[in-house]
Amino acid sequence: TRAPGTIANAFLSGIAISSGELDEEYDLMPAFDRTKQRYTVTVPPSISQVGISARTEHATAVLSINSDTVRSGEEVAIELVAGSNEVVFDVMAYVVNAIRLSDNAALTALSPSSGSLNPSFQSTLFSYTVNLAYTVTELTLTPTTADAFATVKVNGADWTIPVALNTGVNSIAVRVTASDNETISTYTVRAVVAKAPAAVDSSGKAYTPSCSASLPYRCPDSTCAAT
């Protein structure tokens, strides 16, 4: 960045961003203001390159885009990767963050808080089972997205919220939405909770205990104890 006073006017009068592929212009957020220095522009996943140009207010101001000196109004081609792409205009350090949205709604990992997935997780497999002991009453599924900007919901809620489980089969939907807000993948996990083992009272009658003693049980009256 130049020292103050190098030129009389270090402002830009405008920034333009367009796609040569579609001949379409994209709006800055917020709208351009010569006194504001940081902007964002969002393009769809299909756009891998944009043309960016800027105009200086002062005729003798030297303009560079990403460290390359250019003429005022000259368009520069910028290659975009999925996610953030910062473009720096060096007159008074204007910055545009060009965000290329992604259509990648895949997971690279999915980890249950109890048990293990069967089969082992693969991004292209969408159905799994996890077998759980009867003592497990809730389950958290921790996802890792292929795209850092993708979002994940588990049974419609934030994935960090544990899913309450019942005895038997519990179907859990892991819904991944890509940053384009259109592409969606759903991974399904069947959490199978075993039935509690039977215990016997002092007369030998089987029943389900409410205590946590180890098997085998002998439970006279209301007191559970291991034999």
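Basis for what follows: all heavy atoms, side chains included, without hydrogens, waters or symmetry-related copies. Note that this is a predicted model, so its numbers are computed, not measured.
A side-chain donor-acceptor contact under 3.5 Å links Ser123 to the backbone of Leu107. In this structure, the side chain of Ser185 engages the main chain of Ala105 through a donor-acceptor pair within 3.5 Å. No side-chain donor-acceptor contact under 3.5 Å links Tyr128 to the backbone of Tyr187. Asn85 places no side-chain N or O within 3.5 Å of a backbone atom of Leu80 that could act as its donor or acceptor partner. Looking at Thr140, its side chain never comes within 3.5 Å of a backbone N or O of Ser113 through a donor-acceptor pair. Listed for the Asn131 side chain is no donor-acceptor partner under 3.5 Å among the backbone atoms of Gly115. A donor-acceptor pair under 3.5 Å is formed between the side chain of Asp180 and the backbone N or O of Thr183. Distance alone, capped at 3.5 Å, is enough to place a donor-acceptor pair between the Arg100 side chain and the Pro45 backbone.
You'll find the side chain of Leu139 reaches within 4.5 Å of the side chain of Val130, heavy atoms only. Under the 4.5 Å side-chain criterion, counting only non-hydrogen atoms from C-beta, Leu28 is not in contact with Thr40. Annotation: side chain of Arg34 is in contact with side chain of Phe11 (closest heavy-atom distance under 4.5 Å). When side chains are defined from C-beta on, Leu63 does not count as touching Thr69, because their heavy atoms never get closer than 4.5 Å. Contact annotation: the side chain of Ile184 approaches that of Thr186 to within less than 4.5 Å [non-hydrogen atoms, C-beta and beyond]. When side chains are defined from C-beta on, Val154 counts as touching Ile172, because their heavy atoms get closer than 4.5 Å. Inter-residue side-chain proximity for Phe121 and Pro143 is flagged as unmet; no heavy-atom pair is nearer than 4.5 Å.
Salt bridge Glu86/Arg38: present, at least one basic N to carboxylate O contact under 4.0 Å.
Placement of Val87 and Leu101 in two distinct hydrophobic clusters is found when ILVMFWY residues are connected by side-chain heavy-atom separations under 4.5 Å, directly or transitively. Linking ILVMFWY residues whenever their side-chain heavy atoms come closer than 4.5 Å, directly or via other members, places Ile52 and Ile47 in the same cluster. Clustering ILVMFWY residues whenever any of their side-chain heavy atoms sit less than 4.5 angstrom apart, transitively, puts Ile99 in a cluster other than the one holding Val88. Cluster membership check: Phe89 shares its hydrophobic cluster with Ile78, using side-chain heavy-atom separations under 4.5 Å among Ile, Leu, Val, Met, Phe, Trp and Tyr. By the criterion of side-chain heavy atoms lying less than 4.5 angstrom apart, applied directly or through intervening Ile, Leu, Val, Met, Phe, Trp or Tyr residues, Leu141 is grouped together with Leu125 in one hydrophobic cluster.
Rounded to the nearest 0.5 angstrom, Ser171 OG and Arg190 CZ are separated by 8.0 Å. For the atom pair NZ (Lys195) and OG1 (Thr167), the distance works out to 8.5 Å, reported to the nearest 0.5 Å.
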**OP:** May I have the step-by-step check of side chain to side chain donor-acceptor pair (under 3.5 Å) for Asn104 and Ser102, ending in yes or no?
**Re:** CA-CA 5 Å; Asn104 191 337; Ser102 171; 5.1 Å; no
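When each of Leu132, Leu165, Val193 is paired with Ser114, the side chain to side chain contact (heavy atoms under 4.5 Å, CB included) condition holds for Leu132 and for no other. Residue Val174 forms a side chain to side chain contact (heavy atoms under 4.5 Å, CB included) with just one option from Leu110, Asn155, Thr188, and that option is Leu110.
Between Phe32 and Tyr39, the two ring planes are parallel [angle under 30°; tilted spans 30° to 60°].
Considering all non-hydrogen atoms of both residues, Arg55 and Ser72 come closest at CA-OG, 3.2 Å.
For the residue pair Asp147 / Thr145, no side-chain donor-acceptor distance below 3.5 Å is found, with atom types taken as modelled.
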